[in-house]
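These notes are about the structure you will find just below.
We name chains A, B, ... by the order of the sequence lines, and we start the count at 1 in each one.
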Amino acid sequence: MPPPEPETIFKNRIVQKGLFNLKVLNKNITEWFSNKKYSFQEKTNSSKAKDRGHEVRIDFSAEKKVDNYAKYIINIEILATELEKVRLEDKSLDKGNVEIRLNANLQLDYKNRFGDKPFHRFLRGLYHRYFKGEIKHYEDQSEEEGKDLFDTIKESLNLLT
Amino acid sequence: MMERIYVTPAEGIKVKHAGVLDLDEFIRWLKRWLDFNSYKQDEDFYEEKNTARGKIIEFRWTNNKKKETYFIYIIEIYFNFIGIVDVEVPIEGKKIKMQKGEFEIKLVSYINKGAEAPTFWRAIYERFLKKENIDLYASELYSKVYSLQEEIKDKFNQYV
């Protein structure tokens, strides 16, 4: 039986048109995952040469087991289109459009210890109500990490806000 | 029954490339990589179709490496190539035959646990003797598969 579905705690999206550095962005995301002790995968890396530049799609999936009950899951989708390499002051940059979607999720009872039967679900609900403070702590932490990564992405793209 | 500890998502990790590739050289390189890393290869199926828009080629390799009696590393590689046509590419004054089309490689990797041990002894073994080793092996295989993905990206000359 599968464990309960993860709940989305934080999601956001960035769209940028202009100059950026995809390699740096990629590196900063993977470094962030490593520093925060997430195990991560680059689930898809797709590159297509099109008439109007390259189209690149990269999907990351990362998770961190907080303890035996809660797990943080972060998914990132990057879609860059009309890409071309340009040189600016001896730096290699990418010119084009990029859209990044990030969602941070919290999965409780990922080992499915309570089970799937209605009574077990009721017990899980009761447990969550009783330990409201702990659950809130997981949610806050998951949101904080999602926002922190989102800020890292914005910094990598040199965005102002 | 053998249990699986996945080090990639069960649905796998993908590298896709649309463009030109020296397919023969790529396959030779991949076989060398597997040999060098001591993986035994099995081709599970191979299918090739000719269409008006080039060849469709699909095949799968299951590569295994016995880590020790109870643990086998598995890397499944799914090849899915669409619209493949031969093209000649000028490289250093010579025309080299290559292939153009859409190339997709999917890697699914896991540890097969308890290959030759009965359930009861396997449980004892894992609980008291091998817990740390399991984590170590999972981490080792994860790193290896991740480095293979990076090398495939290099070979595909991916944009990022």
Can you tell which part of B:Tyr142 gets under 4.5 Å to a heavy atom of chain A, answering side chain, backbone, both or neither? side chain
Heavy-atom contact with chain A under 4.5 Å, split by part of B:Tyr159: both
Counting only non-hydrogen atoms closer than 4.5 Å, does B:Gln158 touch chain A with its backbone (N, CA, C, O), its side chain (CB onward), both, or neither? both
Could you look at A:Leu25 and say if it's the side chain, the backbone, both or neither that has a heavy atom under 4.5 Å from chain B? neither
Relative to the ring of A:Tyr38, is the ring of A:Trp32 parallel (under 30°), tilted (30 to 60°) or perpendicular (over 60°)? tilted
Looking at chain B, which one of A:Lys43, A:Lys48, A:Glu55 has the largest number of heavy-atom pairs inside 4.5 Å, strictly under? A:Lys43
Greatest number of heavy atom pairs closer than 4.5 Å to chain B - which of A:Leu22, A:Asn45, A:Asp59: A:Asn45
Measure A:Glu63 against the heavy atoms of chain B and call it side chain, backbone, both or neither at under 4.5 Å. neither
Establish, for the pair A:Arg124 and A:Phe114, whether the NZ or CZ atom is under 6.0 angstrom from the six-membered ring centre and no further than 45 degrees off its axis. no
Chain A heavy atoms under 4.5 Å from B:Glu104: which part of the residue, side chain, backbone, both or neither? neither
Flag yes if more than 12 heavy atoms outside A:Lys64 fall under 6.0 Å of its NZ atom; otherwise flag no. yes
Which answer fits B:Val20, side chain, backbone, both or neither, if we ask what part of it has an atom under 4.5 Å from a heavy atom of chain A? neither
Please classify the contact between A:Lys85 and chain B as side chain, backbone, both or neither, with a heavy-atom cut-off of under 4.5 Å. both
